[in-house]
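To find a chain, count down the sequence lines: A is the first, B the second, and so on, and within it residues start at 1.
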2 protein chains.
Amino acid sequence: MSDNKISTAVIKRLPRYYRYLGELIEMGVERISSNELSERMKVTASQIRQDLNNFGGFGQQGYGYNVKYLYDEIARILGLDRTHKVVIIGAGNLGRAIAGYGNFAKRGFLITAIFDINPELTGTDIGETKVSHLSELEEYARHNHIDIAALTIPKTQAVMVADRLYKLGVKAFWNFAHTDLNVPQDCVVESVHLSESLMRISYNLKSMEED
Amino acid sequence: MSDNKISTAVIKRLPRYYRYLGELIEMGVERISSNELSERMKVTASQIRQDLNNFGGFGQQGYGYNVKYLYDEIARILGLDRTHKVVIIGAGNLGRAIAGYGNFAKRGFLITAIFDINPELTGTDIGETKVSHLSELEEYARHNHIDIAALTIPKTQAVMVADRLYKLGVKAFWNFAHTDLNVPQDCVVESVHLSESLMRISYNLKSMEED
DNA sequence: GGAAGATTGTCAATTTTTAAACAAACTTTT
DNA sequence: AAAAGTTTGTTTAAAAATTGACAATCTTCC
């Protein structure tokens with residue numbers, strides 16, 4: 001359908017465009033040029049135009065881009081026009097934080113189940129959702145579709161649970177564990193390695209001092 | 001001291017090398033070649049050698065790299081040989097998750113204070129740390145050094161609080177709010193935009209279907 | 001409705017990043 | 001202790017990403 005193969009560098013920037021366009025809508029801005037957007041976002045106008053043109057011509061010469069239209073188009077490109085059923089594995093603070101974040105639901109990411117290995121948590125409520133014991137995962141997956149699994153559990157468990165989930169047909173993993181998952185090629189893995197993020201701060205702080 | 005200017009692409013990869021080397025140490029591996037490491041990490045050996053050589057020659061021909069030595073050197077490069085005092089702004093689930101994660105302390109990131117705007121949370125304990133009211137931020141900063149501020153608050157507050165923190169001398173921000181901070185150039189900002197991360201999953205799921 | 005001004009889409013040039021190749025130098029084996 | 005085998009550090013080549021430039025074309029103003 002759309003031309004393969006868009007570079008990952010472009011994909012990484014799309015959500016940020018989307019965020020800025022959303023803010024512009026809230027501000028009541030109807031149109032914007034690549035030049036003005038580039039000043040707000042601190043990127044080059046050329047990059048904005050080239051990124052967008054990977055997916056088609058959304059703008060118009062002499063006018064710029066219609067904010068609402070472009071916003072909706074990017075949503076479509078990103079697949080935000082559909083709903084995604086998300087299960088959370090791990091009902092610790094991180095799992096709770098994700099479950100409780102309302103903005104995800106607004107973008108079509110619905111928390112449909114939460115699992116934890118701790119029996120004491122089984123049956124307790126997190127937001128609208130009841131925590132199930134991890135042993136019920138297979139039974140659940142037999143009756144319910146899972147688009148995305150968020151893994152907010154320690155690394156030792158994460159790799160094994162990802163295996164189990166893959167066997168149940170889950171193809172997308174939002175991995176918060178401090179490890180790489182070992183799932184087959186036909187999966188989407190997006191890792192959020194918080195400790196690596198902190199280390200980059202540490203490096204940048206250090207290298208700032210040295211100038 | 002060390003040669004400027006290392007590309008950010010290299011810096012992003014360093015923590016991952018560090019993680020793998022840590023695992024090798026746990027496994028009792030004493031030496032490793034770039035070739036073997038490249039197979040484990042699924043990157044090219046050439047990239048590993050070139051990345052490391054930005055900081056000096058840590059290996060030896062015919063031998064490879066001493067795991068423990070390289071591990072320590074990367075720690076030093078990343079600034080993990082010092083301690084960093086971290087304050088958390090926002091005692092919600094995300095703030096709690098960060099405060100409770102013991103591995104950070106192991107790497108020298110010490111949670112020294114937690115602030116929240118909600119008076120009901122003031123005085124409550126999170127791990128070892130008591131929550132203070134956000135209004136006490138200035139008073140606290142006058143008597144205590146802050147290396148890094150973690151912002152786990154909504155976007156509207158995050159930008160303002162970052163301003164306040166900058167005026168108090170804080171130069172590094174770990175930003176979890178869904179916005180860009182507007183702090184001066186002499187700051188380190190590391191943003192963790194979870195919703196953007198989710199959107200990339202959505203895009204990749206969609207583009208996987210289309211093949 | 002025509003002229004002046006603005007802005008896109010795209011091509012070309014530049015810069016950055018990644019990968020390949022290989023001489024130099026060390027380790028291991030015999 | 002010499003030969004055979006490894007493996008690095010570095011150079012060179014290739015690929016990818018970013019930026020610059022501009023004709024084409026739309027909008028706005030008069």
For this session: Determine: side-chain N/O of B:Asn53 to OP1/OP2 of D:dT10, distance under 4.0 Å, yes or no.
Result: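 So the side-chain polar atoms of B:Asn53 do come within 4.0 Å of the phosphate oxygens OP1 or OP2 of D:dT10, strictly under.
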Exercise. Are side-chain heavy atoms of A:Asp72 and A:Lys68 found at a separation under 4.5 Å?
Worked result: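 Yes, at least one pair of side-chain atoms sits under 4.5 Å.
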Exercise. Does the side chain of A:Ile32 reach to within under 4.5 Å of the side chain of A:Leu70, using non-hydrogen atoms?
Worked result: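 They are not in contact (no side-chain heavy atoms under 4.5 Å apart), so the answer is no.
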May I have the list of side-chain donor-acceptor pairs in residues 57-65 of chain A shorter than 3.5 Å, sequence neighbours left out?
none

For atom [atom1] of [X] and atom [atom2] of [N], their distance in whole Å:
| X | N | atom1 | atom2 | answer |
| --- | --- | --- | --- | --- |
| A:Ile6 | D:dA17 | CD1 | P | 11 Å |
| A:Gln50 | D:dA16 | CD | P | 15 Å |
| A:Asn54 | D:dA16 | CG | P | 14 Å |
| B:Tyr65 | D:dT6 | OH | C1' | 13 Å |
| A:Asn66 | D:dT27 | CG | P | 12 Å |
| A:Arg13 | D:dA17 | CZ | P | 9 Å |
| A:Arg49 | D:dC22 | CZ | P | 13 Å |
| B:Phe55 | D:dT8 | CZ | P | 18 Å |

Seminar exercise, completed: Outermost contacting nts on DNA chain C, any atom under 4.0 Å from chain A heavy atoms, listed 5' then 3', are C:dA6 to C:dC11
Problem set entry | Proximal nucleotide (of D:dT7, D:dT18, D:dG9) relative to the B:Ser33 side chain |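 Between D:dT7, D:dT18, D:dG9, the one nearest the side chain of B:Ser33 would be D:dT7.
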Exercise. Among D:dC26, D:dA17, D:dT19, which nucleotide sits nearest the side chain of A:Thr44?
Worked result: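 Minimum distance to the A:Thr44 side chain belongs to D:dT19.
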Exercise. Checking salt bridge (charged side-chain N to carboxylate O under 4.0 Å, His left out) for the pair A:Arg76/A:Glu73: CA distance, chi angles, key distance, verdict?
Worked result: CA-CA 5 Å; A:Arg76 193 181 52 75; A:Glu73 283 297 306; 2.5 Å; yes
Mind listing the side-chain donor-acceptor pairs of residues 106-113 of chain B below 3.5 Å, one per line with the distance, residues two or more places apart or on another chain?
| from | atom 1 | to | atom 2 | distance (Å) |
| --- | --- | --- | --- | --- |
| B:Lys106 | NZ | B:Asn103 | OD1 | 3.2 |
| B:Thr112 | OG1 | B:Val86 | O | 3.3 |
| B:Thr112 | OG1 | B:Tyr140 | OH | 3.3 |

Exercise. What class does the angle between the rings of B:Tyr203 and A:Phe55 fall in, given that below 30° is parallel, 30 to 60° is tilted and above 60° is perpendicular?
Worked result: perpendicular
Exercise. Starting at the 5' end of DNA chain C and moving along, which residue's nearest nucleotide shows up first, B:Gln47 or A:Gly57?
Worked result: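 It is A:Gly57, whose closest nucleotide lies nearer the 5' terminus.
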Exercise. Would B:Asp180 and A:Arg19 satisfy salt bridge (charged side-chain N to carboxylate O under 4.0 Å, His left out), going step by step from the backbone distance to the final call?
Worked result: CA-CA 10 Å; B:Asp180 294 343; A:Arg19 173 156 54 82; 3.0 Å; yes
For this session: Using side-chain hydrogen bond (donor to acceptor under 3.5 Å, both in side chains) as the criterion, list what pairs up with B:Thr129, not counting sequence neighbours.
Result: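 Counting only residues at least two positions away or on another chain, B:Thr129 forms no side-chain hydrogen bond (donor to acceptor under 3.5 Å, both in side chains).
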Exercise. Partners of A:Ser197 by side-chain hydrogen bond (donor to acceptor under 3.5 Å, both in side chains), sequence neighbours excluded?
Worked result: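 Once residues adjacent in sequence are excluded, the partners of A:Ser197 under the side-chain hydrogen bond (donor to acceptor under 3.5 Å, both in side chains) criterion are B:Trp174, B:Glu190.
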Restricting both atoms to N or O, compile the protein contacts to nucleotides 28-30 of chain D shorter than 3.5 Å, with distance only.
| from | atom 1 | to | atom 2 | distance (Å) |
| --- | --- | --- | --- | --- |
| D:dT28 | OP1 | A:Arg31 | NH1 | 2.7 |

Problem set entry | First encountered from the 5' end of DNA chain D, between A:Ser46 and A:Gln60 |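 By nearest-heavy-atom nucleotide position, the 5'-most residue is A:Ser46.
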